Asks: 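The following block contains the structure, expressed as structure tokens.
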Amino acid sequence: MFYDIDSLKKKSLKVYNNGDIFRDFIENTSLFPFTISLKKVKQSDIQNSFLVLEKELKKIKLENLNILYQVFSFKSLGQQKLPVGVVFERRDDVLDFINKKEAFELFVDAYKKTMKAYPKLNPLVLEKPFLFLQNHSILNELFLVSDFFIRHPKSNIYLRELSIAGIDTKFVEDNKKILDMFLSRLLDEREYKKEIKNLSNFGFEKKYYLKFPLPLVRFRILDEKKYIHNLSDLSITIEAFKNLSIDVKNIFIVENKMTMLSFLNKKDALVVFGAGYGVEILKDVQWLGDKNIYYWGDIDADGFAILSMLRGYFPHTQSIFMDKKTIDAFVKFSVIQNKVQKYRLLNHLTLEELKIYDSLKDGFRLEQEKIHLDYIKEHI
């Protein structure tokens, strides 16, 4: 194919898809006239494929394009005037050719609305023009939400409490990413936490000083004398847990909820449901630093990764029932996982723990609930 119309359209689309045509409009640069080169034709091409060349050239001419010609001298054919490119003199010419005129007009409307509402967003439009084109239909709502945050920075309310005429709180939930792009450019740096980049796990709420549901800590008090108002099994927010005043010396942290529920009673102790990597929420609980901490996880790659992570917060953490003796006693209940966990460098394991961890590369797994309670009672 020499003058392939589809190839020409693909090349023309680049100036649209890379955003240059939008930036040219905003900055009034000199993108046009814009020329796309055509494949150079050799003498042998004319001799062997003349009819194909002629047919393809007719298709280009039907598009009413401005074709650039050049005269070539060939040994056998003499001088021939051949197409070497297509010139788009104006923006509308290329938009008509790639059938993007309507979309571009929507962008122009979105840009004008944005500049009228928030000129500060001009750099964002230059960087991400398609963001504004794709969200053209909800720009007014996005501006209303932005207005609220500008008028009420650090509001310290739940998203459900936002009172914006014509806006439901689900709208904010569904558009956190683009709202973050707006607000991080519109608010004073003292009015949001610039260091927060990840919006998952209530990152948006944390970044813009909103309330959010705090994670819960589930735990059981194992010493009847230490019960709180005769309650032993409790779930409280992590903030409440940080301020917990309970006189116990020993803290057991287990990976599995049923293990926590069936953990044996023990003097001067409580057991916490760690929920796997959920133990991360305990890292700022300062009073744990003065307690004896024991971690019991599954004997698998994740179990030791969680142990290492927990020991990074509390270096004095000891592991229990994650040793070779336990493996030997219950190896018949172990499995080899089809999906082997990624092997990681763990910096907070003892030499003995590292040996066991190294042996788990083939996917070995012994879940803690497979360990008999009689064995726990005997060895704890």
Side-chain angles (χ1 to χ4, degrees), residues 153-161 190-297 302-320 346-348 368:
K154 297 185 178 181
S155 58
N156 195 33
I157 60 176
Y158 289 104
L159 280 180
R160 184 69 181 83
E161 296 179 272
R190 295 169 296 181
E191 296 171 342
Y192 69 100
K193 297 177 182 178
K194 188 177 181 180
E195 67 277 9
I196 296 179
K197 307 296 182 185
N198 189 349
L199 300 184
S200 62
N201 192 28
F202 301 107
F204 182 86
E205 287 83 349
K206 295 172 186 176
K207 187 170 185 174
Y208 295 103
Y209 293 94
L210 295 165
K211 287 182 180 179
F212 57 92
L214 295 172
L216 297 177
V217 180
R218 178 85 178 267
F219 65 97
R220 278 185 58 230
I221 302 170
L222 303 175
D223 185 342
E224 187 175 355
K225 294 180 179 179
K226 309 289 185 176
Y227 285 1
I228 301 174
H229 297 294
N230 290 323
L231 298 175
S232 62
D233 185 353
L234 301 105
S235 292
I236 61 177
T237 68
I238 183 60
E239 291 302 318
F241 193 72
K242 287 178 183 178
N243 297 316
L244 187 67
S245 178
I246 182 168
D247 183 22
V248 294
K249 292 181 180 178
N250 303 300
I251 309 294
F252 295 91
I253 301 173
V254 298
E255 188 169 335
N256 181 271
K257 184 189 291 185
M258 189 53 64
T259 303
M260 182 271 294
L261 292 173
S262 59
F263 206 89
L264 69 158
N265 291 329
K266 186 170 176 61
K267 183 180 178 181
D268 215 17
L270 64 80
V271 59
V272 177
F273 171 37
Y277 288 97
V279 297
E280 182 183 8
I281 67 171
L282 301 176
K283 63 182 179 181
D284 295 322
V285 181
Q286 295 184 5
W287 57 265
L288 288 178
D290 299 325
K291 309 297 182 181
N292 300 319
I293 300 178
Y294 305 92
Y295 179 72
W296 177 20
D302 280 324
F304 280 91
I306 296 165
L307 170 62
S308 180
M309 182 173 71
L310 183 62
R311 196 173 278 150
Y313 310 142
F314 307 105
H316 61 291
T317 300
Q318 300 178 57
S319 62
I320 56 173
L346 303 180
N347 298 319
H348 302 291
Q368 62 179 210

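Model, not experiment: these values are computed from the prediction. Side chains included, hydrogens not; waters and symmetry mates left out as well; all remaining heavy atoms used.
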Asks: Can you tell me how far apart NZ (Lys154) and CG (Leu210) are? Round to the nearest 0.5 Å.
Replies: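 Here the rounded value is 12.5 Å.
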Asks: Is the NZ or CZ atom of Lys193 both under 6.0 Å from the centre of the six-membered ring of Tyr209 and within 45° of that ring's axis?
Replies: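 Checked: cation-pi criterion met.
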Asks: With a 4.5 Å heavy-atom cut-off, do Lys266 and Ile221 have their side chains touching?
Replies: no
Asks: Taking all heavy atoms of Lys291 and all of Ile246, pick out the closest pair and write down the distance.
Replies: NZ-O, 3.9 Å
Asks: Are side-chain heavy atoms of Phe273 and Leu261 found at a separation under 4.5 Å?
Replies: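 Heavy-atom side-chain distance check fails, nothing below 4.5 Å.
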Asks: Any carboxylate oxygen within less than 4.0 angstrom of a Lys/Arg side-chain nitrogen, looking at Asp233 and Arg218?
Replies: yes
Asks: Of the non-hydrogen atoms in Tyr158 and Pro213, which two are nearest, and what is the gap between them?
Replies: CE2-N, 4.1 Å
Asks: Could you tell me the separation between the OH atom of Tyr295 and the OG atom of Ser319, rounded to the nearest 0.5 Å?
Replies: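 It comes to 10.5 Å.
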Asks: To the nearest 0.5 Å, tell me how far Ile228 CD1 sits from Ser245 OG.
Replies: 8.5 Å
Asks: Between atom CG of Leu288 and atom CG of Leu310, what is the distance when rounded to the nearest 0.5 Å?
Replies: 8.5 Å
Asks: If you apply the rule side chain to side chain contact (heavy atoms under 4.5 Å, CB included), what do you find for Val271 with Ile253, and how did you get there?
Replies: CA-CA 6 Å; Val271 59; Ile253 301 173; over 6 Å; no
Asks: Is any side-chain heavy atom of Lys226 less than 4.5 Å from a side-chain heavy atom of Leu270?
Replies: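 Lys226 vs Leu270: side chains apart.
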Asks: How about Glu224 and Asn265: do any of their side-chain heavy atoms sit closer than 4.5 Å?
Replies: no
Asks: List the atom of Ala305, the atom of Tyr277, and the distance in Å for their closest heavy-atom pair.
Replies: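 Nearest heavy atoms, Ala305 then Tyr277: CB-OH, 3.5 Å.
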Asks: We want to know whether Asn292 and Asn250 form a side-chain donor-acceptor pair, criterion being a heavy-atom distance below 3.5 angstrom.
Replies: yes
Asks: Please work out whether the ring planes of Tyr294 and Phe252 are parallel, tilted or perpendicular, with thresholds of 30° and 60°.
Replies: parallel
Asks: Ignoring hydrogens, what is the shortest heavy-atom contact between Met260 and Arg220? Give both atom names and the distance.
Replies: O-NH1, 3.0 Å
Asks: Output the distance between atom CD (Gln368) and atom OG1 (Thr259), rounded to the nearest 0.5 Å.
Replies: 3.5 Å
Asks: Just how far is it from atom CG of Leu216 to atom OG1 of Thr237, taken to the nearest 0.5 Å?
Replies: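 Leu216 CG to Thr237 OG1: 7.0 Å, rounded to 0.5 Å.
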Asks: Under the side chain to side chain contact (heavy atoms under 4.5 Å, CB included) criterion, do Asp223 and Lys267 qualify, and how do the steps go?
Replies: CA-CA 5 Å; Asp223 185 342; Lys267 183 180 178 181; 3.7 Å; yes
Asks: For the backbone of Tyr192 and the side chain of Lys207, can you confirm whether one donor and one acceptor N or O come within less than 3.5 Å of each other?
Replies: no
Asks: Considering only heavy atoms from C-beta outward, does the side chain of Leu264 approach that of Leu222 to under 4.5 Å?
Replies: no
Asks: Do Phe212 and Phe204 come close enough that some side-chain heavy atom pair is under 4.5 Å?
Replies: no
Asks: On a heavy-atom basis, which atom in Ser200 and which in Asn198 lie closest, and how many Å separate them?
Replies: OG-OD1, 2.7 Å
Asks: Quick one: does Ser262's side chain have a donor or acceptor within less than 3.5 Å of a partner on Met258's backbone?
Replies: yes
Asks: Which heavy atom in Phe241 sits nearest to a heavy atom in Trp287, and how many Å separate them?
Replies: O-NE1, 2.8 Å
Asks: Do the non-hydrogen side-chain atoms of Met309 and Leu346 ever get within less than 4.5 Å of each other?
Replies: no
Asks: Any side-chain heavy atom of Leu159 sitting closer than 4.5 Å to one from Glu205?
Replies: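 They are in contact (side-chain heavy atoms under 4.5 Å apart), so the answer is yes.
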Asks: Hydrogens and angles aside, do Asp284 and Tyr313 bring a side-chain donor and acceptor to less than 3.5 Å of each other?
Replies: no
